[in-house]
Amino acid sequence: MNSRERFLTALTGGKPDRAPLAHVAAMTTVELQQSTGCFMPAVHLDAEQQARLMAANHDTLGFDAVSFIINFFGEPAALGAEMDWGAPDRLPTFKSNPWRTPEDAVIPEDLFDRQPLKTCLETIRTAKQRYGDRMAVLGKIMGPFSMLQAMHGVENVLMELLDSPSQIAAFLDVCVEALVRHANAQFEAGADAVSIGEGGAGARMLSPAAYETCLLPVHRRMIARIQGPTILHICGDVRSRLHLLAQTGMTCFNFDWAVSPAEMTAAAAGRYTVMGNINTTDLLCAGPAELARQVEENLAAGVHIISPGCATSPRCPNANLRALADAIARH
Amino acid sequence: MSELQELTQAVIKGDRNKAKQLTQTLLDQKVVPMDIVEKGLVPGMAEVGDRFKRNEYFVPEMLIAARAMKEAMAMLEPLLAKAGIKPKYTAVLGTVQGDLHDIGKNLVGMMWKGANIGVVDLGSNVSADKFVAAVKQHNAQIVGLSALLTTTMPAMKDTVQAIRNAGLKTVKVVIGGAPITQEFANEIGADAYAPDAASGVDVAMKTVAP
Ligand code: B1M
């Protein structure tokens, strides 16, 4: 089995020769940027360099499935959010929220000619063409709630969820249109699966009741229209709404260390596959022995795909990330 | 229910209009501003903090409660200042350098204000030097550091170092944020760690008056 076959088998609940290693949230180390000569922030607008960094995550760190680097904010950047593109050791973030009212929320025809989306699609095409026979190439979109936070302001969105839910619903509909188009364009470009980064709905950001009434129907509608396997990422302690996740229709859920692997596999109960949950603080600060222990715990609990629980710091030592593949191989 | 109790309920529900209206009614009835704070607003914010701790409230409920409290406080602050009422302690608060996450930090600030701790909020992306200067300038007893990124945890360590190196021996350092743990607090020599905004009050109080 090659990496791509292994990943796709595990993603859909089959039995691979061993558990695959993957990442969906941002992961590129300063060390790898140095060894490939491809540095952030230039890579965010350079498909050739970004594809090389993706291949390095496979070749050097042993990841079976890799994703392009920009973590979130691709869609907001294309829709006019001002960006701080970061540095080799700093991931990008947005600096302004362009949507004040639902009337501002318009998706332009030329969405995919705008940066950085043009580069994201080109990166998938390049990575697929060059390395697609040996590794799985993943696409990614933001989750609608997280995208809206970037477009309209985090605190505004959270307060309006209680003050004027109909306005939030109207905004979310527009987000979904953009995101479905983007996800399907990524599949057309060759993505093997597309992840949905919904960190903004994580941890304590909204109640289980608000999730169920305001966001779950949106997730369900969106995922139904995406033409390929999806991996939903919501970070933080989401134990109070694990019972709702099966209703989203996602293929796989990427969870973090706030939920234990055993709790996660029990909640999934075979209705979707799960991917997690290596602690990203430990990837930065702990050593290979602790990371190997976490890999073992995930494998013992029946987690289908091993991955960091969230975005990793670019300052993570390569040796720590490599320790994950080594631990799986030893298992 | 008395008007003070109604004010408490308005804060708990995050009803900003009712909170302002009741504050005005109480002022019209010549209730002392400090009593409105201590018997009306503070119990409301304390209950909100407890509900958050118990997983009954989430960030949106906290935010609208904090907004109601803030708007009512804005009506009272000039009157408190006029009466010469000063907070018991002063805290300097901020998110460490390189980190823009400020929602958790703002909630901690709100809870501290509610507990009669004066808060000098330095905002987010605050350098170690700025923290040191503000502690000196305001003669603060507490300094609160927040960090949400694993990448900015080292900046927290540097800030604690800078505070110690500046010879600020008596100021108590309280830290918090999603990736922060008690072990990390011990490792970097912080005085205390608070897992959430509500515990932040007890923790801060215990460090200054054990
Ligand atoms: C002084 O004493 C104390 C005591 C207690 C203290 C305390 C201090 N401070 C906090 N507490 C405690 O009390 C509070 C209430 O009980 C709690 O506070 P918290 O702050 O933990 O909780 C808040 C009340 C609610 N939580 C939050 O506000 C954070 C929510 C999430 C969604 C989040 C948000 C909103 C944002 N983000 Co960012 N963001 C995420 C978060 C994912 C998640 N689901 O948690 C996280 C933290 N972000 C992350 C990242 C990577 C980033 N973010 C970035 C940007 C942003 C926004 C600007 C979009 C926005 C912040 C807006 C703002 N004004 O704060 C970028 C960095 C910007 C920067 N330099 O800081 C960027 C790099 C963007 C990117 N490319 O992914 C991840 C961190 C990964 C890691 N472990 O390092 C992340 C987990 C999301 C993810 N899945 O990738 C306690 O921790």
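Below, read A as the first sequence line, B as the second, and so on, with proteins coming before strands; counting in each chain starts at 1.
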The interface call for A:Asp163 against chain B, heavy-atom contacts under 4.5 Å, is side chain
Report task. Taking atom NZ of B:Lys20 as the centre, report whether more than 12 heavy atoms of other residues, nucleotides or ligands fall under 6.0 Å from it. Result -> yes
Residues 101-116 of chain B vs chain A, non-hydrogen distance cutoff under 4.5 Å, contacting residues -> B:Asp102, B:Ile103, B:Asn106
A:Thr36 meets the side-chain contact (heavy atoms from CB on, under 4.5 Å) criterion, sequence neighbours left out, with A:Cys38, A:Leu53, A:Ala56
Practice task
Would you indicate whether A:Arg100, at its atom CZ, is surrounded by more than 12 heavy atoms from other residues, nucleotides or ligands within a distance under 6.0 Å?
Solution key: no
OG of A:Ser207 to CD of B:Glu56, rounded to nearest 0.5 Å, is 12.0 Å
So OG of A:Ser313 and CG of B:Leu149: to nearest 0.5 Å the spacing works out to 9.0 Å
Okay, A:Thr312 and chain B: the region with an atom under 4.5 Å from a heavy atom over there is neither
Looking only at A:Arg204, A:Met205, A:Met159, most heavy-atom pairs under 4.5 Å shared with chain B are made by A:Arg204
Ordered numerically, the heavy-atom neighbours of chain A under 4.5 Å found in residues 172-192 of chain B are B:Pro179
Rounded to the nearest 0.5 Å, the CD1 atom of B:Ile64 sits from the CG atom of A:Leu162 at a distance of 4.5 Å
For A:Thr213, the side-chain contact (heavy atoms from CB on, under 4.5 Å) test, sequence neighbours excluded, returns none
- [ ] Start with the C-alpha distance between B:Val59 and A:Leu206, add both sets of side-chain angles, then the distance that settles side chain to side chain contact (heavy atoms under 4.5 Å, CB included), and finish with yes or no.
- [x] CA-CA 6 Å; B:Val59 181; A:Leu206 78 175; over 6 Å; no
Item checked: B:Thr151 side chain reached by A:Pro314 side chain, heavy atoms, under 4.5 Å -> yes
The interface call for B:Met153 against chain A, heavy-atom contacts under 4.5 Å, is side chain
